[in-house]
*Asks:* 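The structure follows.
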Amino acid sequence: MTTSPYYITTPIYYVNDRPHIGHCYSTLLADVATRFQRLIRGEMVPKEISNRQSAIEVPRGDTHAGPSVFFLTGTDEHAEKVVTTAASHNLTPIEWADQNSAAFQEAFRGMGIEFDDFIRTTQPRHKDAVARYLKQLLATGDVAEGEYEGWYDVNDEAYVTETKAKEQNFLASNGKPLVRRKEKNFYFKLSTYQSWLEAAIQSGEIHIEPEARKNEVLGRLREGLQNVPITRPVTDDPATQFGIRLPGHDEHRVYVWIDALFNYLSAVDTPGRERFWPPTVHLMGKEILWFHAVIWPAILKALGREMPRLIYAHSHYTRDGVKMSKSLGNFIDLETIKAYTNKYGVDALRWYLLTQGPLHATDADFSHGKFVEVYNSDLANGFGNCVSRVSNMVGKYYEGRLPLSHALDSESSPYRATVEAWASHLSKSIEYFRTCENRFDLLGMVNIGMQLIRRVDLYIAETRPFSIAKSLASNPNDREQKMLDNILFVCAEALRIASLLLYPAMPTKIAEFWRRWDCAPPAGVPLAELAQFGHSTYGLKPGTKLEIGDALFMRIDPAEPAPA
């Protein structure tokens, strides 16, 4: 069983933007990974199970250590545009940040996302920690005063290299011209870490995935590194006064991007949380990989801290084949997200985003037609229909009570081979699951569950239990009765195990399934035990009442328009 702590982070999101599908996608990935880890470690009891104890974290091993999984997200708030936008709404910067930070938390909770901590860069715990780290960097000489000149993107509040400025035709992200700036400020001596960064990325000490992203970073590193400004001068302009002051230099405030990076450390650099460092996974979109794969590791090296175990940069969503942008107004925003979850359920949207999303090196498209296709195939005709078929047959042939498997009636039982074959298949599936876990292949992990569903459907088609039942109705006999018993027990037990692997993606619907079949995983039991086929303690028990209920997922008419 896994014992080392698991710490996963998302980017912290800029409060001058409203939540959209990109923010929700990154945070959903982290939520699914977190749920998998708690399931693997035996540290969860689903909140959604109404007839069991409410969700708790169950410590394993050292009872004083507490849970071994920690999921952090939050908001990035110290930016000039926050001040100017707040003023345009007759609000103070902190009032504007409060409003939009709350919107992110609402959006994530609306997606069924359960984070352990939501950090805000305006919180004293973060600001005090940043001051400590900068004092250390000033003392070591890694941060020093100097003059910096370069191309500046006012929209993104970021300096742009000469090479990138040329590639962008000297235009900012919003299409306006880049600004040439020359400022006296403090900078981090990034250039001194050039050789170490290249070697660390090549060796895997700084582990970047997917491979294409790693190669991009190495290619850019070959252009050479410049020292990076980490402060901005404070002037009479109110927009320059919102932020953390550099210790001992009140005329300088910490540059927003540097301030933001420290959140990953400040959130756990406290009594009781130190054991979570270093992060197991830093998760983000590909557009901010440079900060996380180059600048942040160099700062951590200067601070004498361990490197994150994995820096994972996913790709982006497009919409109906077109890149999402503010100018086109085609972002999948919070209202659109709510329309989908209200009409089709939170789990349906979670499943679509997870399985069709840009987890790897290429972008992915969001379209209503594709959503309907995936929903009907995987959920309505797949998992939901398979559960209904098995429930209905048990209801019709056994008055709703799960029959006994006869695999262990005797050493020569003709049913033993079938059960052993299923157990062997499940064992191999869990081995592959571990492989997917190690490479952060969340899609591969949930797809093992969906493949089990398809295998059950195929098994039903091959064994035709409904035909056996029809034969028994006119000609009762012990051999066919035991055959039918065994088939339906095997189908039900395989569905139970498949549900464990689907739970992180669809916690609400799977919890409803567990309630109906009274098979919710008990607290404190790791996945390796829960997923054993026919486990004497955790497997389905003969005689268990399988409630039928309404369809878990109602089929969608393909002609139905997108919700609005």
*Asks:* Any side-chain heavy atom of N385 within less than 4.5 Å of one from L379?
*Replies:*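 No, side chains not in contact.
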*Asks:* Begin with the C-alpha distance, continue with both residues' side-chain angles, and end with the deciding distance and a verdict on salt bridge (Lys or Arg N to Asp or Glu O under 4.0 Å) for R213 and E216.
*Replies:* CA-CA 5 Å; R213 301 282 93 87; E216 288 171 10; 2.8 Å; yes
*Asks:* Hey, are R515 and E512 close enough for a salt bridge, meaning a charged N less than 4.0 Å from a carboxylate O?
*Replies:*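 Between E512 and R515 there is a salt bridge, with a charged N closer than 4.0 Å to a carboxylate O.
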*Asks:* Quick one: which of F108, F118, Y25 gives a ring-ring contact (aromatic ring centres under 6.0 Å, His included) with Y13?
*Replies:*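 Only one option passes, and that is F108.
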*Asks:* Side-chain donor-acceptor pair under 3.5 Å between T121 and E77, yes or no?
*Replies:*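 On atom types as modelled, these side chains do not qualify, holding no pair under 3.5 Å.
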*Asks:* Could you check H282 against Y312 for ring pair (Phe, Tyr, Trp, His ring centres under 6.0 Å), going step by step and ending with a plain yes or no?
*Replies:* CA-CA 6 Å; H282 271 332; Y312 197 99; over 10 Å; no
*Asks:* For the backbone of A313 and the side chain of H292, can you confirm whether one donor and one acceptor N or O come within less than 3.5 Å of each other?
*Replies:*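 No; judged by distance alone, with no hydrogens or angles, the pair does not exist.
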*Asks:* Tell me, please, which residues at least two apart from E209 pass side-chain hydrogen bond (donor to acceptor under 3.5 Å, both in side chains).
*Replies:*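 Listed in chain order: H207.
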*Asks:* With side chain to side chain contact (heavy atoms under 4.5 Å, CB included) as the criterion, how do V82 and Y14 come out once you've worked through the C-alpha distance, each side chain's angles and the decisive distance to 0.1 Å?
*Replies:* CA-CA 9 Å; V82 171; Y14 188 33; 4.2 Å; yes
*Asks:* Would you say the side chain of L527 lies within less than 4.5 Å of the side chain of L500, judging by non-hydrogen atoms?
*Replies:*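 A side-chain contact exists here, since the closest heavy-atom pair is under 4.5 Å.
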*Asks:* So does D98 get a backbone contact from the side chain of S101, meaning a donor-acceptor N/O pair under 3.5 Å?
*Replies:*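 No: the side chain of S101 does not pair with the backbone of D98.
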*Asks:* Is it true that E431 and R434 make a salt bridge, defined as a side-chain N closer than 4.0 Å to a carboxylate O?
*Replies:*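 The answer is no: the pair does not qualify as a salt bridge.
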*Asks:* Evaluate L29 against L442 for side chain to side chain contact (heavy atoms under 4.5 Å, CB included), listing each step before the verdict.
*Replies:* CA-CA 8 Å; L29 292 178; L442 300 177; 4.0 Å; yes
*Asks:* Would R220 and W290 count as a cation-pi pair here, with the cationic atom under 6.0 angstrom from the ring centre and within 45° of the axis?
*Replies:*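 Judged by the rule, R220 and W290 form a cation-pi pair.
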*Asks:* Could you work out, with side-chain hydrogen bond (donor to acceptor under 3.5 Å, both in side chains) as the rule, every residue matching H316, not counting sequence neighbours?
*Replies:*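 Here the qualifying residues are E287.
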*Asks:* I'd like to know if the side chain of Y340 and the backbone of F371 have a donor-acceptor N/O pair within less than 3.5 Å.
*Replies:*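 Such a contact is absent between Y340 side chain and F371 backbone.
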*Asks:* Within the distance-only criterion (no hydrogens, no angle test), does the side chain of R350 pair as donor or acceptor with the backbone N or O of A505 below 3.5 angstrom?
*Replies:*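 Yes, R350 side chain to A505 backbone: donor-acceptor pair under 3.5 Å.
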*Asks:* As a quick check of understanding, evaluate ring pair (Phe, Tyr, Trp, His ring centres under 6.0 Å) for F366 and Y352, giving each step before the final call.
*Replies:* CA-CA 9 Å; F366 187 106; Y352 178 77; 5.1 Å; yes
*Asks:* Backbone N or O of K338 within a donor-acceptor pair of the T341 side chain at under 3.5 Å?
*Replies:*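 Between the backbone of K338 and the side chain of T341 there is a qualifying donor-acceptor contact (under 3.5 Å).
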*Asks:* Measure the shortest side-chain to side-chain distance between I453 and V387 over non-hydrogen atoms and say whether it is less than 4.5 angstrom.
*Replies:*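 No; the side chains remain at least 4.5 Å from each other.
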*Asks:* Counting only heavy atoms not in D550 (residues, nucleotides, ligands), do more than 12 fall under 6.0 Å from its CG?
*Replies:*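 12 or below, so no.
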*Asks:* With T280, which residues qualify under side-chain hydrogen bond (donor to acceptor under 3.5 Å, both in side chains), at least two apart?
*Replies:*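 For T280, no residue satisfies side-chain hydrogen bond (donor to acceptor under 3.5 Å, both in side chains) once neighbours in sequence are set aside.
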*Asks:* Got a sec: does the NZ of K343 have more than 12 other heavy atoms crowding it under 6.0 Å?
*Replies:*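 Yes.
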*Asks:* Applying ring pair (Phe, Tyr, Trp, His ring centres under 6.0 Å) to F291 and W257, what does each step give before you reach the verdict?
*Replies:* CA-CA 8 Å; F291 291 92; W257 270 101; 4.0 Å; yes
*Asks:* For the pair R35 and E43, find out whether any cationic side-chain nitrogen is under 4.0 Å from an anionic carboxylate oxygen.
*Replies:*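 No salt bridge links R35 with E43.
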*Asks:* Using only heavy-atom distances, determine whether the side chains of H126 and D259 contain a donor-acceptor pair under 3.5 Å.
*Replies:*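 Present: a donor and an acceptor within the cut-off.
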*Asks:* Just list the side-chain donor-acceptor pairs under 3.5 Å for residues 298-308, sequence neighbours left out, or say none.
*Replies:*
| residue | atom | partner | partner atom | Å |
| --- | --- | --- | --- | --- |
| R305 | NH2 | D269 | OD2 | 3.1 |
| E306 | OE1 | R309 | NH1 | 3.4 |
| E306 | OE1 | R309 | NH2 | 3.4 |

*Asks:* Do the side-chain N and O atoms of T336 and D333 include a donor-acceptor pair separated by under 3.5 angstrom?
*Replies:*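 There is such a pair between these side chains.
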*Asks:* Do Y317 side-chain atoms and L353 backbone N/O form a donor-acceptor pair below 3.5 Å?
*Replies:*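 Confirmed, Y317 side chain pairs with L353 backbone.
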*Asks:* F115 and R109: side chain to side chain contact (heavy atoms under 4.5 Å, CB included), yes or no, with the steps?
*Replies:* CA-CA 9 Å; F115 42 81; R109 291 193 176 105; 3.7 Å; yes
*Asks:* Backbone N or O of A260 within a donor-acceptor pair of the D76 side chain at under 3.5 Å?
*Replies:*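 Between the backbone of A260 and the side chain of D76 there is no qualifying donor-acceptor contact (under 3.5 Å).
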*Asks:* For Y7 and R275, indicate whether the former's side chain and the latter's backbone hold a donor-acceptor pair under 3.5 Å.
*Replies:*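 Here the side-chain-to-backbone pair does not exist.
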*Asks:* Quiz question: by atom type and distance under 3.5 Å, do the side chains of H360 and S315 form a donor-acceptor pair?
*Replies:*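 Absent: no donor and acceptor within the cut-off.
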*Asks:* My understanding is that only residues two or more places apart in sequence, or in another chain, count here; which of them pass side chain to side chain contact (heavy atoms under 4.5 Å, CB included) with A30?
*Replies:*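 With sequence neighbours excluded, A30 shows a side chain to side chain contact (heavy atoms under 4.5 Å, CB included) to I8, T10, F71, L283, given in chain and number order.
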*Asks:* Strictly by modelled atom types, are H78 and Y255 linked by a side-chain donor-acceptor pair under 3.5 Å?
*Replies:*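 There is no such pair between these side chains.
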*Asks:* Just to verify, what does N438 make a side chain to side chain contact (heavy atoms under 4.5 Å, CB included) with, not counting sequence neighbours?
*Replies:*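 For N438, no residue satisfies side chain to side chain contact (heavy atoms under 4.5 Å, CB included) once neighbours in sequence are set aside.
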*Asks:* Do side-chain atoms of S377 reach the backbone of E373 as a donor and acceptor pair under 3.5 angstrom?
*Replies:*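 No; zero donor-acceptor contacts below 3.5 Å.
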*Asks:* Closest approach of A361 and P210, non-hydrogen atoms and distance?
*Replies:*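 Heavy-atom minimum between the residues: N-CG, 4.0 Å.
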*Asks:* If you define the side chain from C-beta out and look only at heavy atoms, does anything of P526 sit under 4.5 Å from I40?
*Replies:*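 Answer no - side chains too far apart.
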*Asks:* With a 4.5 Å heavy-atom cut-off, do D153 and V160 have their side chains touching?
*Replies:*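 A side-chain contact exists here, since the closest heavy-atom pair is under 4.5 Å.
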*Asks:* Could you tell me if N16 and W96 have a donor-acceptor pair between their side chains, going purely by distance under 3.5 Å?
*Replies:*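 Yes, a side-chain donor-acceptor pair sits under 3.5 Å.
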*Asks:* Measure up the Y193 and F188 rings against each other and bin them: parallel (under 30°), tilted (30 to 60°), perpendicular (over 60°).
*Replies:*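 Plane angle under 30°, so parallel.
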*Asks:* For T318 and D363, what are the C-alpha separation, side-chain angles and deciding distance, and is it a side chain to side chain donor-acceptor pair (under 3.5 Å)?
*Replies:* CA-CA 7 Å; T318 59; D363 291 345; over 6 Å; no
*Asks:* Is the side chain of H535 donor-acceptor paired with the backbone N or O of A531 at a distance under 3.5 Å, no angle test?
*Replies:*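 Checked: no pair found.
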*Asks:* Should R454 and D378 be marked as a salt bridge (Lys or Arg N to Asp or Glu O under 4.0 Å) after you check the CA-CA gap, both sets of side-chain angles, and the distance that decides it?
*Replies:* CA-CA 9 Å; R454 297 186 182 110; D378 291 352; 3.2 Å; yes
*Asks:* Apply salt bridge (Lys or Arg N to Asp or Glu O under 4.0 Å) to the pair E335 and R18, showing each step before the final yes or no.
*Replies:* CA-CA 11 Å; E335 286 70 29; R18 297 189 67 226; 3.0 Å; yes
*Asks:* I need the minimum non-hydrogen distance between V456 and C386, along with the two atoms involved.
*Replies:*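 Nearest pair, atom of V456 first, then C386: CG1-SG, 3.5 Å.
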*Asks:* Which one of Y503, F440, F433 satisfies the ring-ring contact (aromatic ring centres under 6.0 Å, His included) criterion with F36?
*Replies:*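 That would be F433.
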*Asks:* Between L72 and D116, does a side chain to side chain contact (heavy atoms under 4.5 Å, CB included) hold up when you go through it step by step?
*Replies:* CA-CA 6 Å; L72 176 70; D116 293 297; over 6 Å; no
*Asks:* Apply side chain to side chain donor-acceptor pair (under 3.5 Å) to the pair Q37 and E437, showing each step before the final yes or no.
*Replies:* CA-CA 9 Å; Q37 287 300 318; E437 177 199 358; 3.0 Å; yes
